[in-house]
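So you know, we letter chains A, B, ... as the sequences are listed, proteins then strands, and number each from 1.
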Protein chains: 2
Amino acid sequence: MELTKTAQFTDEDILMARYAKALGHPARIAILRVLLERKACICGDIVDELPLSQSTVSQHLKELKDVGLIQGDIDGKKVCYCINEQVWKQAQETLGALFQRYTSCDSSCC
Amino acid sequence: MELTKTAQFTDEDILMARYAKALGHPARIAILRVLLERKACICGDIVDELPLSQSTVSQHLKELKDVGLIQGDIDGKKVCYCINEQVWKQAQETLGALFQRYTSCDSSCC
DNA sequence: CTAATTGATCGTAATTTTACGATCAATAAA
DNA sequence: TTTATTGATCGTAAAATTACGATCAATTAG
């Protein structure tokens, strides 16, 4: 009895997945870690820290920028990247809420 | 002056990215939400909750199972899925730690 | 035994991601 | 001005994801 599926994903699920997806590659985790370590924003020394070419790193930076987790401002010849506080905390809350929703049902299942 | 890049990604970054990647699709978020809502583990009624075909949902379930976030036990004709507590908490901690590493450097940058 | 149900897996097509070199634009240094 | 540096973007190839129907194996119901 095939009922037509109309239900779509909720905006919240889509947003959450977007944040998670942005974190879903070691290079992007590494980039964020660099940005977190040096509180001040740094530019493409990030490239030197990663085992990837400049163009590839630039691509990963763009993805992080597209979801808003980081921002980059031009400073002369160089570009300064850093965490975007608002979005960062938004992602933290959204994903954190999902994880916290778990309450061990010690009993029963599995 | 091209220095050869030797540095690889750390195991921790890779693991973290793996967890995040597993959460990086609305369908998988939706699946986890269903599993979280009904504390007890349910089987492929999940399919009915999602706007996707049975085979596609099964594929997403497999991905979640592969990273360990969920587990599925056969119960007669049906299969019972539920959150894997250990792994769930591991992912929560790992990703949570990353997010918490941010300390607003109100000043300066960007 | 024969149906029907459940859910994994296979094969496949379309799309997205990942990665790189090459190039381009802009700034800084000579 | 000419040259070097910085970093985005383009083009492209290879690989991975996403999605689906079809099929298969196992269990349950008749």
Ring geometry between A/H60 and A/H25 (parallel below 30°, tilted from 30 to 60°, perpendicular above 60°) | tilted
Atom NZ of A/K78 and atom P of C/dA25 are separated, to the nearest Å, by 23 Å
B/N84 side chain vs B/V87 backbone, donor-acceptor pair below 3.5 Å | yes
Phosphate OP1/OP2 of C/dA8 contacted by B/Y81 side-chain N/O (<4.0 Å) = yes
For B/H25 and D/dA19, is the shortest distance between a side-chain N/O and OP1 or OP2 below 4.0 Å?
-> yes
Assert: residue with more 5' nearest nucleotide on DNA chain C, out of A/G76 and A/E63, is A/E63
Less than 4.0 Å between a side-chain N and a carboxylate O, is that true for B/E85 and B/K89?
-> yes
Would you mind telling me which residue lines up with the more 5' stretch of DNA chain D, A/K77 or A/K65, judged by nearest nucleotide?
-> A/K77
Will you find, in the side chains of A/Y19 and A/Q90, an N or O donor that is under 3.5 Å from an N or O acceptor?
-> yes
Could you tell me whether the phosphate oxygens of D/dT17, OP1 or OP2, come under 4.0 Å of any side-chain nitrogen or oxygen in B/K21?
-> yes
Length of the line joining A/D73:CG and C/dT27:C1', which is rounded to integer Å = 16 Å
Please list, pair by pair, any protein nitrogen or oxygen found under 3.5 Å from a nitrogen or oxygen in nucleotides 20-24 of chain C.
unit_1 : atom_1 : unit_2 : atom_2 : d
C/dC20 : OP2    : A/S53  : N      : 3.1
C/dC20 : OP2    : A/T56  : OG1    : 3.2
C/dG21 : N7     : A/S55  : OG     : 3.2
C/dG21 : O6     : A/S55  : OG     : 3.4

Exercise: do A/S58 and A/S55 side chains pair donor with acceptor under 3.5 Å | no
Step by step, would you call B/R18 with B/E63 a salt bridge (charged side-chain N to carboxylate O under 4.0 Å, His left out)?
-> CA-CA 10 Å; B/R18 241 165 74 83; B/E63 276 175 81; over 6 Å; no
Can you tell me how far C1' of C/dT17 sits from CG of A/L23, to the nearest Å?
-> 16 Å
Interatomic distance, CD@B/E93 vs CH2@B/W88, rounded to 0.5 Å, equals 13.5 Å
In whole angstroms, the gap separating P of C/dT16 from CZ of A/R18 amounts to 14 Å
Considering the terminal five base pairs at each end of the helix from C/dA4-D/dT27 to C/dA30-D/dT1, what angle separates the two local helix axes, rounded to 10°?
-> 20°
